[in-house]
**Q** 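The following block contains the structure, expressed as structure tokens.
The shown structure was predicted, so the numbers you read here are calculated from the model rather than taken from an experiment.
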Amino acid sequence: MTPIYFMITSAFILSLTGLAFNRSHLLSALICLEGMMLSLFIAIAIWTLTMNSPSLSLAPMILLTFSACEASSGLALLVAATRTHGTDHLNNLNLLQC
């Protein structure tokens with residue numbers, strides 16, 4: 001495994017581990033999700049460069065667009081949760097309450 005692929009894989013696994021084990025704040029969960037999306041974007045961009053296929057060159061831009069939509073909806077949920085509950089602790093948020 002080349003060092004670039006090792007770094008991308010380790011960045012994804014570290015973000016996944018942070019998302020799985022650090023469940024105290026919503027903001028830290030969103031940052032871990034963004035780290036996962038960024039490592040996927042870099043991996044797909046490198047993959048399309050190594051394949052030299054013009055039909056695959058649009059895939060990183062589509063992933064980046066979905067990542068931007070995910071970030072904006074996550075920040076909107078963060079603002080809404082902070083305004084209603086006063087904190088962004090995930091333990092205080094109950095999905096069954098209105």
Side-chain angles (χ1 to χ4, degrees):
M1 180 181 288
T2 63
I4 293 174
Y5 293 128
F6 177 73
M7 287 175 37
I8 292 170
T9 306
S10 63
F12 183 80
I13 290 175
L14 280 174
S15 297
L16 185 64
T17 306
L19 183 64
F21 292 130
N22 192 8
R23 292 181 175 232
S24 60
H25 294 282
L26 182 60
L27 185 62
S28 64
L30 290 175
I31 289 173
C32 289
L33 283 174
E34 285 301 314
M36 290 170 62
M37 292 298 284
L38 183 64
S39 62
L40 282 176
F41 171 73
I42 293 171
I44 290 177
I46 290 174
W47 180 63
T48 57
L49 286 175
T50 57
M51 295 297 286
N52 290 330
S53 176
S55 63
L56 295 175
S57 64
L58 194 60
M61 287 297 133
I62 292 173
L63 183 69
L64 193 62
T65 304
F66 286 135
S67 176
C69 293
E70 178 258 334
S72 65
S73 62
L75 286 176
L77 285 172
L78 176 69
V79 169
T82 305
R83 284 185 181 172
T84 57
H85 296 287
T87 183
D88 69 333
H89 288 281
L90 290 177
N91 296 335
N92 296 338
L93 299 178
N94 189 359
L95 296 177
L96 298 177
Q97 288 179 337
C98 293

**Q** Got a second to check how far Asn52's CG is from Leu49's CG, nearest 0.5 Å?
**A**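 Answer for the CG-CG pair, Asn52 versus Leu49, is 7.5 Å.
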**Q** Restricting to side chain to side chain donor-acceptor pair (under 3.5 Å), what partner residues turn up for His89, sequence neighbours left out?
**A** none
**Q** Measuring from Glu70:CD to Leu63:CG, what's the distance to the nearest 0.5 Å?
**A** 10.0 Å
**Q** For the CD1 atom of Ile44 and the CE atom of Met61, what is their distance to the nearest 0.5 Å?
**A** 11.5 Å
**Q** Is there a path of hydrophobic side-chain contacts, each under 4.5 Å between heavy atoms of I/L/V/M/F/W/Y residues, joining Ile4 to Ile42?
**A**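 Cluster IDs for Ile42 and Ile4 match.
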**Q** Where do Ile8 and Ala43 come nearest, in terms of heavy atoms and distance?
**A** CG2-CB, 3.7 Å
**Q** Find out if a path of hydrophobic residues (ILVMFWY) with successive side-chain heavy-atom gaps under 4.5 Å connects Val79 to Leu26.
**A** no
**Q** How far apart are the closest heavy atoms of Leu33 and Leu19, and which atoms are they?
**A** CD2-CD2, 3.8 Å
**Q** Answer yes or no: is there a side-chain heavy-atom contact under 4.5 Å between Pro60 and Thr48?
**A** yes
**Q** Could you give the distance from CG (Leu58) to OG1 (Thr65), rounded to the nearest 0.5 Å?
**A**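 Reported to 0.5 Å precision, the distance equals 8.5 Å.
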**Q** Can any side-chain N or O of Ser15 pair as donor or acceptor with the backbone N or O of Ala11 at less than 3.5 Å?
**A** yes
**Q** Honestly curious: do Phe6 and Phe12 fall in one hydrophobic cluster under the side-chain, below-4.5 Å linking rule?
**A** yes
**Q** Please determine whether side-chain contact (heavy atoms from CB on, under 4.5 Å) holds for the pair Ile13 and Thr17, giving the CA-CA distance in whole Å, both sets of side-chain angles, and the decisive distance to 0.1 Å.
**A** CA-CA 6 Å; Ile13 290 175; Thr17 306; 4.0 Å; yes
**Q** Quick one: pull up CG in Leu78 and CZ in Arg83 and give me the separation to the nearest 0.5 Å.
**A** 11.0 Å
**Q** Who passes side-chain contact (heavy atoms from CB on, under 4.5 Å) against Leu77, sequence neighbours left out?
**A**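 Partners of Leu77 by the side-chain contact (heavy atoms from CB on, under 4.5 Å) criterion come out as none, since no residue qualifies.
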**Q** Enter the distance from Trp47:CH2 to Tyr5:OH here, rounded to the nearest 0.5 Å.
**A**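 Those atoms lie 10.5 Å apart.
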**Q** Taking Ser39 for its side chain and Met36 for its backbone only, find out whether a donor-acceptor pair lies under 3.5 Å.
**A** yes
